[in-house]
Amino acid sequence: MAVTDHVDLPTFMEGVKKRNPGQTEFIQAVQEVAEDIFDFLADKERYHREQILRRIAEPDRVVSFRVCWEDDNNNVRVQRGWRVQNNNAIGPYKGGIRFHPSVNESVLKFLAFEQTFKNALTGLPMGGGKGGSNFNPKGKSDHEVMRFCQSFMTELYRHVGADVDVPAGDIGVGGREIGYMFGQYKRITNQFTGVLTGKGLEYGGSLIRTEATGYGAVYFLANMLKTRDQDLVGKTAVISGSGNVATHAAEKATMLGAKVVTLSDSSGFIHDPEGMTQEKINWVKTLKNVRRGRISEYVDQFPGSSFHAGKTPWGVPCDVALPCATQNELLGEDARELIKNGCIAVSEGANMPTDLDGVHVFKAAKILFAPGKAANAGGVAVSGLEMSQNSARISWKEEQLQQLLVDIMDGIHARCVEYGQVGGGHCDYVRGANIAGFKKVADAMLAYGVV
Ligand code: NDP
Ligand code: 2IT
């Protein structure tokens with residue numbers, strides 16, 4: 001069959017839309033990848049014939065289950081839980097668990113699809129998966145969260161395992177939730193294995209896993225700037241979110257000399273024109289992880305700063321931007337505003353924070369733009385290192401892990417540059433990440449035949 005006989009991109013996307021009705025986030029993620037992959041595959045007959053992209057865009061399986069729990073007033077509550085096992089061609093399924101009221105099958109399928117490429121980019125042997133629930137942890141007591149996590153794991157345990165599928169944290173799932181879920185897994189199975197990552201240091205967790213995603217996103221940003229003989233010293237940085245990824249991105253950016261002037265949550269953003277210090281960042285970490293408060297409280301603590309309700313921070317002039325909250329939080333109009341105000345680089349700490357219009361704006365403007373699947377891969381990479389440590393029953397030293405994170409982010413950057421050259425010395429990191437991630441998974445799938 002001649003190459004020209006294969007379906008074209010619009011026909012392929014029509015099929016994706018037809019098979020996944022109403023799953024807008026999933027369709028968006030597939031579209032962004034397919035735009036680059038169809039171009040790359042134009043002269044690569046075998047990948048077409050074996051329908052590789054079509055197969056990666058169809059999860060191996062989607063498990064959905066009921067999660068019942070009792071709140072502190074003895075009301076019976078019913079939530080829905082999922083695990084999407086997208087692809088295990090290069091290793092056990094691996095990816096986080098999200099607890100947020102916006103979680104649905106489309107969101108988890110997009111995340112598991114993205115994770116497949118991201119995990120391949122790290123160079124470690126991990127397939128792609130994602131899970132979660134529409135449970136809202138906000139305002140819940142520790143005991144309510146514990147009962148929910150135990151009930152969630154009572155169903156999930158039969159689908160996961162250290163060599164099968166290894167979940168971790170994501171939005172709404174941090175150290176507390178991983179502890180409750182690991183405790184329940186251990187209780188049900190009577191096995192102490194590395195079935196989850198992001199565990200506490202006392203029970204098999206890895207040093208620097210907590211910091212890894214935010215730190216990695218800043219290392220990737222610094223690597224991009226280096227290609228233009230620049231660094232972060234004196235650069236103004238705008239960051240969204242105020243959770244795990246955002247606070248550690250702010251911390252590393254500050255360490256490397258940048259002035260971080262914003263953070264946000266779903267209620268709005270704070271602007272601190274003086275810039276953040278380690279003390280201010282530590283205060284935010286305690287606010288979010290211990291007091292479980294809102295970012296608006298920052299302005300009472302630090303005079304000179306302001307809170308902007310219901311707004312995202314993209315209108316604040318900056319040199320570099322790190323969207324670290326959630327999907328589709330940076331729209332086409334925001335991308336145009338950032339460029340108009342002189343922003344030269346964007347590193348995505350979150351997954352798919354920029355909508356498709358925004359991605360096209362950044363690509364066309366030829367700014368340094370790192371997609372989440374490359375820039376935020378440091379988190380899952382250190383999860384992969386946690387799995388190795390668990391298998392070997394040892395704990396590596398902090399120094400060694402810090403260096404491995406730097407090396408892995410350097411490797412991801414190099415892979416993006418290898419496949420992302422678009423002429424004139426410019427690197428399209430979105431294209432580079434999509435193709436490099438795809439190629440590794442695709443070549444493994446070719447080796448297995450039609451399965
Ligand atoms: P956290 O739960 O620690 O923090 C999430 C932050 O994003 C909070 O500030 C939250 O505000 C905000 N947020 C969440 N949902 C929305 C929304 N719908 N609109 C506006 N703001 C929102 O999560 P993480 O920091 O772990 O995750 C942030 C992003 O990074 C996600 O996209 C996640 O998938 C991605 N990521 C996380 C990794 C990790 O290791 N944790 C690894 C790689 C990527 P509020 O409190 O108001 O909800
Ligand atoms: O999106 C992600 O990469 C994560 N939430 C982390 C996944 C992991 O397995 O550490």
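These figures come from a predicted structure and were not determined experimentally.
Panel note: side chain E35, backbone E32; no donor-acceptor pair is recorded below 3.5 Å. The closest donor-acceptor contact from the side chain of S242 to the backbone of S264 lies under 3.5 Å. The backbone N or O of L121 sits less than 3.5 Å from a side-chain atom of R415, completing a donor-acceptor pair. Judged by distance alone, the side chain of S106 and the main-chain N or O of E25 form a donor-acceptor pair under 3.5 Å. In this structure a side-chain-to-backbone donor-acceptor pair under 3.5 Å is missing from K138 to G172.
Applying the ring pair (Phe, Tyr, Trp, His ring centres under 6.0 Å) test to residues at least two apart or on different chains, the pairs with a partner in residues 321-364 are F362-F369. Legend: side-chain hydrogen bond (donor to acceptor under 3.5 Å, both in side chains) pairs involving residues 246-255, not counting sequence neighbours, sorted by first then second residue: Y215-E251, Y219-K252, H248-K285, E251-Q278, E251-K285. Applying the ring pair (Phe, Tyr, Trp, His ring centres under 6.0 Å) test to pairs two or more places apart or on separate chains, those with a residue in residues 304-358 are F269-H308.
The pair K340-E337 counts as a salt bridge, with a side-chain nitrogen and a carboxylate oxygen less than 4.0 angstrom apart. Looking at R98 and D170, a side-chain N of the basic residue comes within less than 4.0 Å of a carboxylate O on the acidic one, giving a salt bridge. Between K226 and D410, no side-chain nitrogen of the basic residue sits less than 4.0 Å from a carboxylate oxygen of the acidic one, so the salt-bridge criterion is not met.
Within a 6.0 Å sphere centred on CG of D163, heavy atoms belonging to other residues, nucleotides or ligands number 12 at most. Counting heavy-atom neighbours within 6.0 Å of Q421 CD, excluding the residue itself, gives a total above 12.
Residues satisfying the side-chain contact (heavy atoms from CB on, under 4.5 Å) criterion with K366, sequence neighbours excluded, are H426. H271 pairs by the side-chain hydrogen bond (donor to acceptor under 3.5 Å, both in side chains) definition with nothing, not counting sequence neighbours. With sequence neighbours excluded, the residues that form a ring-ring contact (aromatic ring centres under 6.0 Å, His included) with F12 are F38. For the side-chain hydrogen bond (donor to acceptor under 3.5 Å, both in side chains) test, residues two or more places apart in sequence or in another chain that qualify with S240 are E329. The side-chain contact (heavy atoms from CB on, under 4.5 Å) check on R80 picks up S64, W82, N134, with sequence neighbours excluded. With sequence neighbours excluded, the residues forming a side-chain hydrogen bond (donor to acceptor under 3.5 Å, both in side chains) with S266 are R294, listed by chain and number. Scored by the side-chain hydrogen bond (donor to acceptor under 3.5 Å, both in side chains) test, D8 finds T11 as partners (sequence neighbours excluded).
Atom CD1 of I171 is separated from atom CD of Q327 by 6.5 Å, given to the nearest 0.5 angstrom. Of the inter-residue distances, the one linking Q403 atom CD with I208 atom CD1 reads 10.0 Å to the nearest 0.5 angstrom. I37 contributes atom CD1, which lies 6.0 Å from atom CZ of F117 (distance to the nearest 0.5 angstrom). The structure places OG of S391 at 10.5 Å from CD of E386, a figure rounded to the nearest 0.5 Å. Here the CD1 atom belonging to I281 is positioned 8.0 Å from the CE atom belonging to M255, to the nearest 0.5 angstrom. Taking CD from E348 and SG from C324, the interatomic distance works out to 9.5 Å, rounded to the nearest 0.5 Å.
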Could you go through the side chain to side chain contact (heavy atoms under 4.5 Å, CB included) check for M276 and I270 one step at a time? CA-CA 11 Å; M276 297 197 179; I270 57 103; 3.6 Å; yes
Determine whether M224 and L221 satisfy the following criterion, side chain to side chain contact (heavy atoms under 4.5 Å, CB included), listing intermediate values before the conclusion. CA-CA 5 Å; M224 292 198 298; L221 175 62; 4.2 Å; yes
Worked verdict on T197 versus V166 for side chain to side chain contact (heavy atoms under 4.5 Å, CB included): CA-CA 7 Å; T197 60; V166 183; 3.9 Å; yes
May I have the step-by-step check of side chain to side chain contact (heavy atoms under 4.5 Å, CB included) for W283 and E297, ending in yes or no? CA-CA 11 Å; W283 184 88; E297 296 169 46; 4.1 Å; yes
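Using a 4.5 Å cut-off on side-chain heavy atoms (C-beta onward), T122 and K94 make no contact. You'll find the side chain of V245 stays beyond 4.5 Å of the side chain of N376, heavy atoms only. You'll find the side chain of D357 stays beyond 4.5 Å of the side chain of L331, heavy atoms only. Looking at D231 and L256, their side chains never come closer than 4.5 Å, going by heavy atoms from C-beta outward. Counting heavy atoms from C-beta on, the side chains of Q230 and I344 come closer than 4.5 Å. Residues Y298 and K280 form a side-chain contact, since some pair of their non-hydrogen atoms from C-beta on lies under 4.5 Å apart. Between I97 and P167 the shortest side-chain heavy-atom distance falls below 4.5 Å. Between V33 and E114, some side-chain heavy-atom pair lies under the 4.5 Å cut-off.
Pairing each heavy atom of Q28 with each of T354, the nearest pair is NE2-O, 3.9 Å. Smallest separation of non-hydrogen atoms from S383 and R209: OG-NE, 2.8 Å. Closest approach of F113 and I56 over heavy atoms only: CD1-O, 3.8 Å. Shown here for C343 and I367, the closest heavy-atom pair between the two residues is O-CG2, 4.1 Å. For G315 against N341, the heavy-atom pair with the smallest separation is O-ND2, 3.5 Å. Of all heavy-atom pairs between Y448 and A89, the closest is OH-O, 2.7 Å.
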Which donor-acceptor pairs under 3.5 Å do the side chains of residues 434-447 make with protein atoms, sequence neighbours left out?
{"residue": "N434", "atom": "OD1", "partner": "K373", "partner atom": "NZ", "Å": "2.8"}
{"residue": "N434", "atom": "ND2", "partner": "D36", "partner atom": "OD2", "Å": "2.9"}
{"residue": "N434", "atom": "ND2", "partner": "V430", "partner atom": "O", "Å": "3.3"}
{"residue": "K439", "atom": "NZ", "partner": "D443", "partner atom": "OD2", "Å": "3.0"}
{"residue": "D443", "atom": "OD1", "partner": "Y47", "partner atom": "OH", "Å": "2.7"}

Give the table of side-chain donor-acceptor pairs shorter than 3.5 Å for residues 395-402, with sequence neighbours excluded, one pair per line with atom names and distance.
{"residue": "E398", "atom": "OE2", "partner": "Q402", "partner atom": "NE2", "Å": "3.0"}

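Checked against N119 for a side-chain contact (heavy atoms from CB on, under 4.5 Å), the options L124, N87, V380 give a single hit: V380. If you run side-chain contact (heavy atoms from CB on, under 4.5 Å) between S206 and each of Q389, M387, K199, only Q389 comes through.
F152 and F135 have their aromatic ring centers separated by at least 6.0 angstrom.
Counted by atom type alone, T116 and N86 present one or more donor-acceptor pairs between their side chains at under 3.5 Å. Side-chain contact of D165 with Q85: a donor-acceptor pair under 3.5 Å is present, judged by distance alone.
Because its NZ or CZ atom is not both nearer than 6.0 Å to the ring centre of F148 and within 45° of the ring axis, K140 does not count as a cation-pi partner of that residue.
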